[in-house]
Amino acid sequence: MNSSRKLSGHKGPVSCLKICPESHILVSGAEDNVIRVWDLRSMRTSKCMTGCLSSDIEAITYVADKHMLYVACTKGLYSFDLHRGGLIVKEANSEVSLNEGGDEVASIAINVKGDMLAVAMDSGVINLLPIKTNGSFCENSGATRYKKLSRVHTNIVSTVAFKKNNPRELISGGFDYAACIWEADRGRPKASTSFKALPSEDAG
């Protein structure tokens, strides 16, 4: 018996997903520049962000207990308070530009306290942005005021995640075969390793 079910609504290829099983929520971003929040119990859209994003959606993350959605696009970062508005949302709660000179976002993550957002870039840099208690970006998080983590990755940082038991430690992995644990507050690596140096299965 085939138990698969389909969520229909996007008019373009889906570029990113975030699922929160504990709240029965799935968030999707697509090349139609639309973000949909799906209620997995009814299999219907509960929120639709449209008309407020004018560039490609590259990454999304969701804080279930605060109902805050964070979106990385080609031209900037956006936060949405899903408590606000009705089904259709046409304005972000806050936004900020990274001014990275064409550098694209590969992945984003937020810590369990909801006060710090990690933005991993194709260049190998990780940006750390402070988040206010209302879920919006801090005024000083634009331009050059956010913290940069660098000097470890030399290629695309494909994934970032904060440790659940320590919201001030961040784990990253990249296309350079490197993985790193960062001390976020100090902006420096705590430990790193290169999997490129590990012996292959064919090694004698």
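Note: hydrogens, waters and symmetry copies are ignored here, and every other heavy atom, side chains too, is used. Throughout, residue positions are numbered sequentially from 1 according to the sequence presented.
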Hey, mind stepping through Asp81 and Met68 against side chain to side chain contact (heavy atoms under 4.5 Å, CB included) and telling me if it holds?
CA-CA 5 Å; Asp81 183 351; Met68 290 298 303; 3.8 Å; yes
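- Listed for the Glu169 side chain is no donor-acceptor partner under 3.5 Å among the backbone atoms of Trp182.
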Start with the C-alpha gap between Ser172 and Ile126, add the side-chain angles, then the distance that decides, and say whether side chain to side chain contact (heavy atoms under 4.5 Å, CB included) holds.
CA-CA 9 Å; Ser172 64; Ile126 302 169; 3.6 Å; yes
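- Side-chain atoms of Ser107 and Thr159 form no donor-acceptor pair, as typed in the model, at a separation below 3.5 Å.
- Hydrophobic cluster membership for Val89: Ile25, Val27, Ile35, Val37, Met49, Leu53, Ile57, Ile60, Tyr62, Leu69, Val71, Tyr78, Phe80, Leu82 (Ile, Leu, Val, Met, Phe, Trp, Tyr linked by side-chain heavy atoms under 4.5 Å, directly or transitively).
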Evaluate Leu26 against Lys18 for side chain to side chain contact (heavy atoms under 4.5 Å, CB included), listing each step before the verdict.
CA-CA 6 Å; Leu26 173 71; Lys18 177 67 176 181; over 6 Å; no
Yes or no on salt bridge (Lys or Arg N to Asp or Glu O under 4.0 Å) for Arg44 and Asp39, after CA distance, side-chain angles and deciding distance?
CA-CA 6 Å; Arg44 294 179 179 274; Asp39 185 333; over 6 Å; no
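- Evaluation of the side-chain hydrogen bond (donor to acceptor under 3.5 Å, both in side chains) rule for Asn33 yields no partner, not counting sequence neighbours.
- Side chain of Asp176 to backbone of Thr154: a donor-acceptor contact under 3.5 angstrom is found.
- Between Glu183 and Lys190 there is no salt bridge, since no side-chain nitrogen of the basic residue lies less than 4.0 Å from a carboxylate oxygen of the acidic one.
- Checking side-chain atoms of Lys47 against main-chain N and O of Gly86 turns up a donor-acceptor pair under 3.5 Å.
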Please step through side chain to side chain contact (heavy atoms under 4.5 Å, CB included) for the pair Glu58 and Cys16, ending with a clear verdict.
CA-CA 7 Å; Glu58 298 175 335; Cys16 49; over 6 Å; no
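- Ser15 places a side-chain N or O within 3.5 Å of a backbone atom of Gly29 that can act as its donor or acceptor partner.
- Of all non-hydrogen atoms in Val63 and Ile110, the two that sit nearest each other are CG2-CG2, 3.5 Å.
- Using the six-membered ring where Trp is involved, His10 and Trp38 have ring planes that are perpendicular, over 60° apart on the 30 and 60° scheme.
- Ser94 places a side-chain N or O within 3.5 Å of a backbone atom of Phe137 that can act as its donor or acceptor partner.
- Listed by chain and residue number, Glu139 satisfy the side-chain hydrogen bond (donor to acceptor under 3.5 Å, both in side chains) test with Lys132 (two or more places apart in sequence, or in another chain).
- Neither side chain, Ser28 nor Arg36, offers a donor N or O lying under 3.5 Å from an acceptor on the other.
- The two residues Ala30 and Gly12 come nearest to each other via the heavy atoms CB-O, 3.8 Å.
- Judged by distance alone, the side chain of Lys164 and the main-chain N or O of Asn111 form no donor-acceptor pair under 3.5 Å.
- The nearest pair of heavy atoms linking Lys147 to Gly187 is CD-CA, 4.0 Å.
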